[in-house]
Amino acid sequence: IPVTALSENNAMSYLSQFGYLPPTNPTSGGFITQETMTKAISEFQSFAGLNVTGDLDNETSTLMSLPRCGVKDKVGASSDGRSKR
Amino acid sequence: YALQGSRWRVKKLTYKISKYPRILEKSAVDKDVSRAFSVWSEYTDLTFTQKRSGQVHIEIRFERGEHGDGDPFDGPGGTLAHAYFPVYGGDAHFDDSEHWSINSYRGTNLFQVAAHEFGHSLGLSHSDVKSALMAPFYRGYEPNFILDSDDIQGIQALYGQQTLSSSGSESTDTKVNSKTTVPPPGEEDTQLCSDSKIDTMFDSAEGHSYAFKGDHYWKLTTDGIASGYPRLISNSWHGLPGNIDAAFTYKNGKTYFFKGSKYWRYIGKKIDGDYPKDISEGFTGIPDNIDAATVWTGNGKIYFYKGTKFWRFDPAQRPPVKSTYPKLISNWEGIPNNIDAALTYHGYTYFFKGDMYYRFNDRTFSVDVADPAFPRSTAYWWFGC
């Protein structure tokens with residue numbers, strides 16, 4: 001299903017950037033299933049030590065808004081990892 | 001901790017800051033970056049040397065937005081920096097749009113972020129341990145930063161504490177050696193062997209003996225100096241200055257350091273409260289600028305030495321220093337005045353002065369008669385020269 005809410009868009013972008021979702025495909029508009037989104041959120045919550053709800057709750061959104069390192073948390077699940085130039 | 005899967009195959013690594021941040025002085029950045037590397041060299045025998053030009057292992061750049069690697073920075077907040085694992089070159093990039101700061105609660109602390117990124121440069125991925133440096137989220141300025149045990153286990157899983165046999169190649173994605181190896185006997189230390197006069201010597205609660213001299217310290221083994229030393233005092237005991245006058249570890253397991261009119265208290269290498277404090281406040285009756293201090297295991301009392309005199313301090317008594325003190329060091333047969341350091345070790349008290357040391361026998365109250373005679377060479381008998 002389309003992820004339309006702004007916060008979910010941001011979350012999708014975040015989860016994609018840090019290795020929990022496949023990189024967003026600009027030609028397909030970034031559509032993913034809710035199941036995939038829930039699973040990605042759950043994985044992020046688990047890694048970050050939050051309650052694993054699968055929902056984009058306040059705690060999860062807050063953590064996603066914190067300054068952080070740009071290196072992926074998960075390497076290999078959604079990409080080949082960081083390559084140099 | 002999590003290992004990415006690659007590591008450096010050489011232990012002497014070089015780095016270069018190719019592009020400095022706009023808002024900080026270069027010399028301050030150099031210092032903080034060096035300190036950030038020391039976080040990792042503290043627990044391995046890796047060394048990091050800054051170069052100004054030419055080829056280096058790790059290139060550091062402060063950049064804004066898109067900067068040529070296809071991973072643009074996003075302005076203030078959000079992503080602060082990123083770095084490449086060894087197999088991809090080890091370079092570290094910092095978002096120059098951030099308000100980088102040094103030793104300040106304002107802005108984003110450069111030292112902490114740099115230390116984190118260099119963890120990636122060395123092969124560590126993000127940890128799911130919240131207290132770890134390698135956790136991905138910036139947690140604010142920590143004035144008394146200490147590397148988490150999770151990070152230490154991670155870096156030592158990659159590099160151990162032993163010299164790795166170099167194959168000549170600089171990076172590899174081969175499997176890492178997950179065993180932490182025992183450090184080999186240290187090589188002769190040029191600094192201590194050429195001038196073995198020290199500032200202070202003490203035993204930690206964990207039973208390690210340390211020698212302090214200037215801004216550096218050495219860990220002693222039964223054979224001499226442990227490998228990977230000297231290290232910077234300030235990198236291990238955060239907040240502690242160099243040129244310490246005296247130190248001892250009391251029976252409560254806490255280590256006390258003295259310099260000038262001040263003293264500091266640590267548990268291991270973690271400062272134990274709001275220090276420094278005045279010696280006159282915590283050790284009433286003891287003068288400033290002491291030469292040395294020891295705890296006599298026989299009675300738990302603390303002995304302070306300065307010039308020609310010594311004071312006995314008993315924390316359980318009021319006043320802690322009796323009116324009969326100070327007394328003359330010359331009362332203790334064979335011990336010189338103006339000592340540099342003193343240490344209680346294996347039931348004896350050792351006094352250090354210049355390049356020599358004396359072993360004092362608490363039962364005979366005199367310097368031991370032995371062959372070879374005391375004083376003996378500190379360099380030879382203590383530092384393995």
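Heavy-atom basis, side chains included; hydrogens, waters and symmetry copies ignored. Proteins come first, then strands; the chains are lettered A, B, ... in the order of their sequence lines, and each starts at number 1.
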Q: Mind checking whether B:Y84 and A:V71 have side chains closer than 4.5 Å, heavy atoms only?
A: no

Q: Can you establish whether the number of heavy atoms outside B:K12 located under 6.0 Å from its atom NZ is more than 12?
A: no

Q: Write down the atom of B:T79, the atom of A:G70, and the distance for their closest heavy-atom approach.
A: CG2-CA, 3.3 Å

Q: Find the one option among B:D95, B:V113, B:V129, B:D128 whose heavy-atom pairs under 4.5 Å with chain A are most numerous.
A: B:D128

Q: Counting heavy atoms not belonging to B:Q55, are there more than 12 under 6.0 Å from its CD?
A: no

Q: Among B:P76, B:G77, B:G78, which has the most heavy-atom pairs under 4.5 Å with chain A?
A: B:G78

Q: Please flag which part of B:T108 lies under 4.5 Å from any non-hydrogen atom of chain A: side chain, backbone, both or neither.
A: neither

Q: Taking the six-membered ring for Trp, are A:F47 and B:H126 parallel (under 30°), tilted (30 to 60°) or perpendicular (over 60°)?
A: tilted

Q: Considering residues, nucleotides and ligands other than B:E25, do more than 12 of their heavy atoms fall under 6.0 Å from its CD?
A: no

Q: Take atom CZ of B:R106 as the centre, draw a 6.0 Å sphere, and report whether it contains more than 12 heavy atoms from other residues, nucleotides or ligands.
A: no

Q: Please classify the contact between B:E117 and chain A as side chain, backbone, both or neither, with a heavy-atom cut-off of under 4.5 Å.
A: side chain

Q: Check whether more than 12 heavy atoms from other residues, nucleotides or ligands sit under 6.0 Å from atom NZ of A:K39, and answer yes or no.
A: no

Q: With A:R68 as the cation and B:Y138 as the aromatic partner, state whether NZ or CZ is under 6.0 Å from the six-membered ring centre and within 45° of the axis.
A: no

Q: Taking side chain as C-beta onward, heavy atoms only, is B:H120 less than 4.5 Å from A:C69?
A: yes

